[in-house]
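Only one structure is covered here, and it is reproduced in the block below.
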There are 2 protein chains.
Amino acid sequence: MKKAVPRPQRDTARAIYDAAVDLFHEQGYRATNLRQIADAVGVQVGSLYNYMSSKERLLFEIMRGVMTDLVQGATAELDGVDDPLERVHRFMDHSIRFHGHRQKEVFIGNTELRSLSPARRRAIVELRDRYQALLVDALTDAAEAGQVAVADVRVTAYAGLAICSHAATWYREGGRLDLDEVARCLAQSFAPLARPVADRVS
Amino acid sequence: MKKAVPRPQRDTARAIYDAAVDLFHEQGYRATNLRQIADAVGVQVGSLYNYMSSKERLLFEIMRGVMTDLVQGATAELDGVDDPLERVHRFMDHSIRFHGHRQKEVFIGNTELRSLSPARRRAIVELRDRYQALLVDALTDAAEAGQVAVADVRVTAYAGLAICSHAATWYREGGRLDLDEVARCLAQSFAPLARPVADRVS
DNA sequence: GCGGCAAACGAACGCTCGTTAGTATCCGAG
DNA sequence: CTCGGATACTAACGAGCGTTCGTTTGCCGC
């Protein structure tokens, strides 16, 4: 009677992941129900449970995946770079690009922390803290080396992180500027990386 | 049998508003149910409807209130100030303070746009656009006057706005720094407002 | 004192949602 | 050819939620 035929060549697990990313990004985790995800995949609700153990677990996988990639990417980017200010620059550049490329997942990661159980939230927060520490440390070194003058390293770092994560909310691929230009302009908007403007009036 | 006694001197409408701000901020709009709000107020669920027409309307009132105050406050702050760069400075300073003082409401305003019906969302977006335009315009003037060198005015403005709104997510009253210090440090982290550091290496 | 109104109560409705269970179908290994 | 494991389907449960409704209570002006 009904076609319980698995579509050939279809990776359902991946399709579920992608649909969840899209919908969580568009509507938020709480506002998205599993029937919407099932529809997007082209499957019945119950079938989702062949691939996941719970809705919250699905959210967690998304967040852990993107945060892990973010930490590893930034760490790799800084590897072998000694100059502190250059480290700050690399961090910002990589972060902005990452937030542009994986904007939906990053946005979910920044937004849905509250939707996780305490234990899972703790795991994500730990990744986030490791990521943020990379900038705080680089900035601290740069300040000690006299490369930048900041009133407070931690607060300044928050400003830099804000610039990066905010990009995930407004950047659109194919927009007026490409990611290269956006990354350059945003990085320069962060005071420690601003080129000294010789001709600046006062 | 039951005490249907209105507590004397109690402004229930205000109590509902305050409880909603707290809970929406802590848990998000979707994750908060009216029974929690009623509990916080000390009232039964049904009684809430003596003061509001719907849950979404309550959210809308919160968002409209804070966004209106933000636009008006920033506009007043810039009134009579002619120097473009000074306008940028005033905007940032006021915004950061506002985001610190009314962090819960502002956070809700930045976060729960998705939870509004299209018509209500449009009203809030319009307020937000007016607020953002203040910075974009000031920055444009400053660039044209040669006071700052920016690769792209709009993107640079987004960086400034990011710094302000992000403050609502991490600033805590009574923390290591008071709001004055935070405002000064954050504003200086925004490149157009960074003091030229004469002794900066390279 | 009495009538009316504001404000609160308790109970219920109707719907949505995450999750589970039992069953059917297909494919590949033996 | 047949058996078993993936994978999908249908159906349902049970809890939670926003909202409505009829009733009750107490205060205030007449």
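Each chain gets a letter, A, B and so on, in the order its sequence line appears, and its residues count up from 1.
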Side chain of Q44(A): nearest nucleotide among dT19(C), dT19(D), dC9(D)? dC9(D)

Ignoring hydrogens and angles, are the base of dA6(D) and the side chain of N50(A) linked by a donor-acceptor pair under 3.5 Å? no

Between atom [atom1] in [X] and atom [atom2] in [N], what is the gap in whole Å?
{"X": "L34(A)", "N": "dA11(D)", "atom1": "CG", "atom2": "P", "answer": "19 Å"}
{"X": "D11(A)", "N": "dT7(D)", "atom1": "CG", "atom2": "C1'", "answer": "13 Å"}
{"X": "L48(B)", "N": "dC17(D)", "atom1": "CG", "atom2": "P", "answer": "14 Å"}
{"X": "E56(B)", "N": "dT19(D)", "atom1": "CD", "atom2": "P", "answer": "9 Å"}
{"X": "M52(A)", "N": "dG18(C)", "atom1": "CE", "atom2": "C1'", "answer": "8 Å"}
{"X": "Y49(A)", "N": "dG22(C)", "atom1": "OH", "atom2": "P", "answer": "17 Å"}
{"X": "Y29(A)", "N": "dC17(C)", "atom1": "OH", "atom2": "C1'", "answer": "11 Å"}
{"X": "L58(A)", "N": "dG18(C)", "atom1": "CG", "atom2": "P", "answer": "11 Å"}

Any idea how H166(B) and Y158(A) line up, ring-wise: parallel (<30°), tilted (30 to 60°), or perpendicular (>60°)? perpendicular

Mind checking whether F107(A) and H25(A) have parallel, tilted or perpendicular rings, split at 30° and 60°? perpendicular

Which part of the nucleic acid does T32(B) contact within heavy-atom distance under 4.0 Å: base, sugar-phosphate only, or nothing? sugar-phosphate

Contact under 4.0 Å: [X] side-chain N or O vs [N] OP1/OP2:
{"X": "T12(B)", "N": "dA8(C)", "answer": "yes"}
{"X": "S47(A)", "N": "dT7(D)", "answer": "no"}
{"X": "Y51(B)", "N": "dA6(C)", "answer": "no"}

Side chains of residues 128-141 of chain B: which donor-acceptor pairs under 3.5 Å do they make with residues two or more places apart or in other chains?
{"from": "Y131(B)", "atom 1": "OH", "to": "S95(B)", "atom 2": "OG", "distance (Å)": "2.8"}
{"from": "T140(B)", "atom 1": "OG1", "to": "V136(B)", "atom 2": "O", "distance (Å)": "2.7"}

Any Lys/Arg nitrogen of D83(B) or R87(B) sitting under 4.0 Å from an Asp/Glu carboxylate oxygen of the other? no

Contact between M63(B) and R120(B) at the side-chain level, heavy atoms closer than 4.5 Å - yes or no? no

So, R35(B) versus Q44(B): side-chain donor-acceptor pair below 3.5 Å or not? no

Cation over ring, K55(A) on Y29(A), under 6.0 Å and within 45°? yes

Give me, pair by pair, the N or O atoms of the protein and of nucleotides 12-16 of chain D that are less than 3.5 Å apart, along with how far apart they are.
none

